[in-house]
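Each chain gets a letter, A, B and so on, in the order its sequence line appears, and its residues count up from 1.
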Amino acid sequence: MVARIVEVEAYLGENDPAAHAAAGNTARTSVLFGPPGHAYVYFIYGNHYCLNVSCEREGKAGSVLFRALEPLLGIEEMARARDLALQPLPDLRKLTSGPGRLAEAFGITRIRDNGCDLTSPASGLWIGDDGFRPGKLEMTPRIGIRKAADRPLRYTIAGNPFLSGKKTLARD
DNA sequence: GTATCGATTAGC
DNA sequence: CTAATCGATACA
């Protein structure tokens, strides 16, 4: 399966009240304090996994949350993982437009993928560069948080149809 | 040990 | 708008 990253949010580490790292280096957040480029997977609301990549050098927390993807390859497999019918025509946005959704589409769990090296193609899950360069980017406040909700740390590809949120889903 | 809540989603 | 649902965290 392959998908393009179209929406992310930055979490700044121990000084960011909205970041899990604000609670310090615990069993849950240890990956955030490890070397960069590794997967931080957490379980939320008793229902969903979400995927981050650690960004700062070892010892310093800081991460990027993947909030939405544009499916490119393996759409059938993603639909199966999301338990959505592929016929007659699936709404592709339902596959990966949201942090919990994209994790489910890729079968990401904390047990399997937490700590995974996202910089290595040898990993089952990794980030690559296919040469695509987005056009205009937009910065908006982060979604779904209660603390530090005003900081514009959400980055999206302007106008991309696969962005998360009911607003984008309701369009067309 | 118990109480509370959350970087969400689906359904009414 | 609310329910679902459970691990991490705060507190006694």
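Between the side chain of A:Tyr45 and the base of C:dA4, no donor-acceptor pair under 3.5 Å is found.
Rounded to whole angstrom, the span from the CZ atom of A:Arg146 across to the C1' atom of B:dT4 amounts to 11 Å. The interatomic distance linking A:Asn47 (CG) with B:dA7 (C1') rounds to 15 Å, in whole Å. Note: NE2 (A:His48) to C1' (B:dG11) measures 12 Å, nearest angstrom. Atom C1' of nucleotide B:dT9 and atom CG of A:Asp83 are separated by 14 Å, given to the nearest angstrom. If you take CD1 of A:Ile44 and P of B:dG6, they are 9 Å apart, rounded to a whole angstrom. If you measure from atom CG of A:Leu95 to atom P of B:dA10, you get 11 Å, rounded to the nearest angstrom. Taking atom CD1 on A:Ile145 and atom C1' on B:dT8, their separation rounds to 14 Å, with Å as the unit. Taking atom OH of A:Tyr42 as the reference point, atom C1' of B:dC5 lies 14 Å away to the nearest angstrom.
A cation-pi geometry, defined here as NZ or CZ lying under 6.0 Å from the six-membered ring centre and within 45° of its normal, does not hold between A:Arg4 and A:Phe162.
When all heavy atoms of A:Ser97 and A:Leu163 are compared, the pair lying nearest together is CB-O, 3.8 Å.
In a base pair of the Watson-Crick type (N1 to N3 plus N6-O4 or O6-N4) or a G-U wobble (N1-O2 and O6-N3), with each distance short of 3.5 Å, B:dT2 is matched with C:dA10.
Applying the 4.0 Å criterion to OP1 and OP2 of B:dA7, one finds that A:Arg67 has every side-chain N and O outside that range.
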Contacts table for residues 36-50 of chain A: side-chain donor-acceptor under 3.5 angstrom, sequence neighbours left out:
unit_1  : atom_1 : unit_2   : atom_2 : d
A:His38 : ND1    : A:Gly115 : O      : 3.0
A:Tyr40 : OH     : A:His20  : ND1    : 2.7
A:Asn47 : ND2    : A:Tyr45  : O      : 3.1

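In terms of modelled atom types and a separation under 3.5 Å, the side chain of A:Ser54 and the main chain of A:Pro35 share a donor-acceptor contact. Between the side chain of A:Arg82 and the backbone N or O of A:Ala105 there is no donor-acceptor pair closer than 3.5 Å. Judged by distance alone, with hydrogens and angles left aside, the side-chain atoms of A:Glu77 form no donor-acceptor pair with the main-chain N or O of A:Met1 at under 3.5 Å.
The environment of A:Ile111 atom CD1 is sparse: at most 12 non-hydrogen atoms of other residues, nucleotides or ligands sit within 6.0 angstrom.
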Nucleotide N/O to protein N/O under 3.5 Å, stretch nucleotides 7-12 of chain C:
unit_1 : atom_1 : unit_2  : atom_2 : d
C:dT9  : OP1    : A:Thr26 : OG1    : 3.0

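Two residues, A:Ala19 and A:Arg82, neighbour DNA chain B, and the one matched to the more 5' nucleotide by heavy-atom proximity is A:Ala19.
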